[in-house]
Asks: 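Here you go, one structure.
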Protein chains: 2
Amino acid sequence: MADIEPRYVLVQSHLRDGIKSGQWTVGDRLPSEAELVAQFGVSRMTVNRALRELEQEGLVRRQQGAGSFVAPLERVASTLVIRDIHEEIAARGHRHEAEPLQMGERRARRQEAERLGLETGARIFHSRILHRENGLPLQLEERLVNPACAPDYLQQDFRRITPTAYLLQVAPLTGADYQIEAVGASVEDAAALGLQAGDPCLVIERRSRSPAGTVTWVRLVHPGQRHLLKGSFEA
Amino acid sequence: MADIEPRYVLVQSHLRDGIKSGQWTVGDRLPSEAELVAQFGVSRMTVNRALRELEQEGLVRRQQGAGSFVAPLERVASTLVIRDIHEEIAARGHRHEAEPLQMGERRARRQEAERLGLETGARIFHSRILHRENGLPLQLEERLVNPACAPDYLQQDFRRITPTAYLLQVAPLTGADYQIEAVGASVEDAAALGLQAGDPCLVIERRSRSPAGTVTWVRLVHPGQRHLLKGSFEA
DNA sequence: CAGTGGTCTAGACCACTAC
DNA sequence: TAGTGGTCTAGACCACTGA
């Protein structure tokens with residue numbers, strides 16, 4: 001049934017099981033590399049790799065000269081994935097529709113220029129698209145785009161490809177910042193999403209960077225009760 | 001100034017820089033291990049480690065027999081950290097106060113029992129605590145606790161230690177699930193937080209597991225404009 | 001088939017920590 | 001000072017991919 005596991009994985013499983021079962025608990029010292037070498041009959045490099053990877057996961061804390069310890073998981077850290085809205089809806093087996101409300105170019109106001117790392121007055125593209133899941137408004141996408149990174153942005157048919165997907169294609173991503181907050185819907189947001197002004201919305205703002213600079217800034221507004229971010233982690 | 005970097009880090013920096021600068025872009029093949037060995041004059045194990053770690057970060061995709069490639073970063077993934085409220089406020093250099101509003105034990109209703117993985121009617125502890133930052137309400141913490149995991153929960157002084165910190169101390173964490181949403185404040189939430197009912201709030205729900213089972217379920221309500229989750233990632 | 005990555009070893013030297 | 005982890009080497013054998 002099970003493939004034969006690499007030996008470093010066996011060492012990891014042994015430690016993970018001990019932590020999950022409570023044999024070792026937060027702050028406890030784990031066996032030293034030398035002890036694990038003896039116990040498993042493997043080389044030190046193998047044991048070292050096993051422990052190093054557990055450290056990267058955040059499960060173990062290692063200290064030179066002292067030993068390896070069960071890490072305090074006080075910081076509930078987990079990988080949060082922000083997915084393309086089309087993929088997300090498709091993954092639920094639902095129908096996704098995108099309605100471009102507005103597209104064009106203009107001179108950047110100060111705040112807009114800051115968001116893209118450009119000078120005030122620079123030419124920028126903007127778009128405003130409503131995404132529906134099975135006909136119900138799920139996300140209002142308000143986006144600024146750096147023309148230098150995606151000169152053909154305005155010629156795309158965003159009923160067929162999401163801006164996220166298109167931009168990833170033309171401008172490889174090398175980094176991003178984002179923030180998540182709860183905000184009352186503005187009058188415009190409410191009108192587009194079919195809400196009352198002030199209704200709670202989950203808002204994600206994200207700035208994406210590529211080798212050539214900031215590609216795009218986007219603000220995603222979701223009706224509070226129709227969108228969740230979920231995550232988990234496991235020892 | 002700079003410490004001398006380990007050699008595997010030098011290899012990583014070289015690859016990272018090439019990706020950030022656009023020398024290699026999504027899907028491109030990176031130099032093989034053998035080529036990097038020759039280029040840097042290090043052993044293959046060192047190069048292997050450098051590439052393996054970049055793969056764990058999600059920056060590189062490796063395929064046996066084929067090569068190492070620049071990974072598509074389509075899924076904006078990043079580590080989201082949910083920190084203890086006391087730490088978070090202290091880190092900002094502000095004053096944290098906790099006001100226990102309610103504490104006690106009761107029989108679990110169906111939903112409460114589900115949240116803790118217990119039977120309906122089981123004895124559970126509950127608490128409701130308001131956290132202030134420099135006097136301003138920042139978080140309303142509503143919590144259910146499994147008495148089997150923390151029998152002395154109700155005897156604690158939560159003005160001095162947060163429930164999060166206490167529970168981590170008595171019941172080591174081995175996993176958690178959480179979800180984040182935007183919700184309008186209920187009448188009770190609004191009263192505690194000094195808001196109007198319906199005002200947007202960022203709500204985090206989290207269930208924490210330990211070797212003995214589900215330790216606690218918590219619902220953290222934050223005034224929308226006073227709490228953000230931030231994150232970033234970098235190639 | 002030649003080239004790639006996946007794993008592993010048995011040493012080595014070093015920096016750090018605790019006693 | 002003895003024990004710990006941090007790094008590194010120069011080999012090795014294997015499984016896999018692509019021409």
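Proteins come first, then strands; the chains are lettered A, B, ... in the order of their sequence lines, and each starts at number 1. Just so it is clear, the values below take in all heavy atoms, side chains as well, and ignore hydrogens, waters and symmetry mates.
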Asks: Would you kindly give the CG-to-C1' distance between A:Asn48 and C:dT7, to the nearest whole Å?
Replies: 14 Å
Asks: Are A:Tyr153 and A:Phe158 close enough that their ring centers fall under 6.0 Å?
Replies: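 Yes, they do, as the ring centres are separated by less than 6.0 Å.
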Asks: Classify the nucleic acid contact of A:Arg61 as base, sugar-phosphate or nothing, counting any heavy atom under 4.0 Å across all strands shown.
Replies: nothing
Asks: As a test of reading the structure: which of C:dT9, C:dT4, D:dC8 is closest to the side chain of A:Arg7, going by heavy atoms?
Replies: C:dT9
Asks: Measure from the side chain of A:Ser43, starting at C-beta and using heavy atoms only, and say which of C:dT7, C:dA10, D:dA10 lies closest.
Replies: C:dA10
Asks: From the options C:dC8, C:dT7, D:dG5, select the nucleotide whose nearest atom is closest to the side chain of A:Ser68.
Replies: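 Selected nucleotide: D:dG5.
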Asks: Quick check: closest heavy atoms across B:Pro223 and B:Pro137, and the distance to 0.1 Å?
Replies: CG-O, 3.7 Å
Asks: Round to a whole Å and report the spacing from CD of A:Glu53 to P of C:dG6.
Replies: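 Between P of C:dG6 and CD of A:Glu53: 12 Å.
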Asks: Has the side chain of A:Arg44 got a donor or acceptor that lies under 3.5 Å from a partner of the other kind on the base of D:dG6?
Replies: yes
Asks: Taking only the side-chain nitrogens and oxygens of B:Arg52, find out if one of them lies under 4.0 Å from OP1 or OP2 of C:dG5.
Replies: no
Asks: What is the separation between atom CD on A:Gln64 and atom P on C:dC13, rounded to the nearest whole Å?
Replies: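 Distance check: A:Gln64 CD to C:dC13 P gives 17 Å.
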Asks: Could you check how far CD of A:Glu5 sits from P of C:dT7, rounded to whole Å?
Replies: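 Rounding to the nearest Å, CD of A:Glu5 and P of C:dT7 are 10 Å apart.
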Asks: I want to verify a distance call: between C:dC16, C:dG11, D:dC16, whose nearest atom is closest to the A:Met45 side chain?
Replies: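 Per side-chain heavy atoms of A:Met45, the pick is C:dG11.
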Asks: Indicate yes or no for a side-chain donor-acceptor contact from B:Glu87 to the backbone of B:Asp84 under 3.5 Å, with no hydrogens or angles considered.
Replies: no
Asks: If the plane angle is over 60° it's perpendicular, under 30° parallel, otherwise tilted; pick one for A:Trp24 and A:His14.
Replies: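 Because their plane-to-plane angle is over 60°, the rings of A:Trp24 and A:His14 count as perpendicular.
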Asks: If you pin B:Ala66 and A:Glu55 to their nearest nucleotides in DNA chain D, which one's is more 5'?
Replies: A:Glu55
Asks: Considering only C:dT17, C:dT9, C:dG5, which nucleotide approaches the side chain of B:Glu33 most closely?
Replies: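 Nucleotide nearest to B:Glu33's side chain: C:dG5.
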Asks: Tell me which nucleotide among D:dG5, D:dT9, C:dT4 gets nearest to the side chain of B:Ser32.
Replies: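 Output: C:dT4.
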Asks: Could you tell me the separation between the CE atom of B:Met45 and the CZ atom of A:Arg49, rounded to the nearest 0.5 Å?
Replies: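 The CZ atom of A:Arg49 is 7.5 Å from CE of B:Met45, to the nearest 0.5 Å.
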Asks: Within the pair A:Thr46 and C:dT9, is there a side-chain N or O less than 4.0 Å away from OP1 or OP2?
Replies: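 Answer is yes, contact under 4.0 Å.
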Asks: Within this structure, what is the CG-to-P distance between A:Leu30 and D:dT4, rounded to whole angstrom?
Replies: 13 Å
Asks: Round to a whole Å and report the spacing from CD of A:Gln12 to P of C:dG6.
Replies: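 That distance rounds to 15 Å.
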Asks: Check whether any side-chain nitrogen or oxygen of A:Arg49 sits under 4.0 Å from OP1 or OP2 of C:dC8, and answer yes or no.
Replies: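 Looking at the OP1 and OP2 atoms of C:dC8, neither is under 4.0 Å from any side-chain N or O of A:Arg49.
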Asks: Side-chain N or O of B:Arg62 versus OP1/OP2 of C:dT4: is the shortest distance under 4.0 Å?
Replies: no
Asks: Rounded to whole angstroms, how far apart are CD on A:Gln63 and P on C:dA15?
Replies: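 Taking atom P of C:dA15 as the reference, CD of A:Gln63 is at 17 Å.
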Asks: Under 4.0 Å between a Lys/Arg side-chain N and an Asp/Glu carboxylate O for B:Arg207 and B:Glu114?
Replies: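 Looking at B:Arg207 and B:Glu114, the cut-off is not met.
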Asks: For D:dT7, does either OP1 or OP2 sit under 4.0 Å from a side-chain N or O belonging to B:Tyr8?
Replies: yes
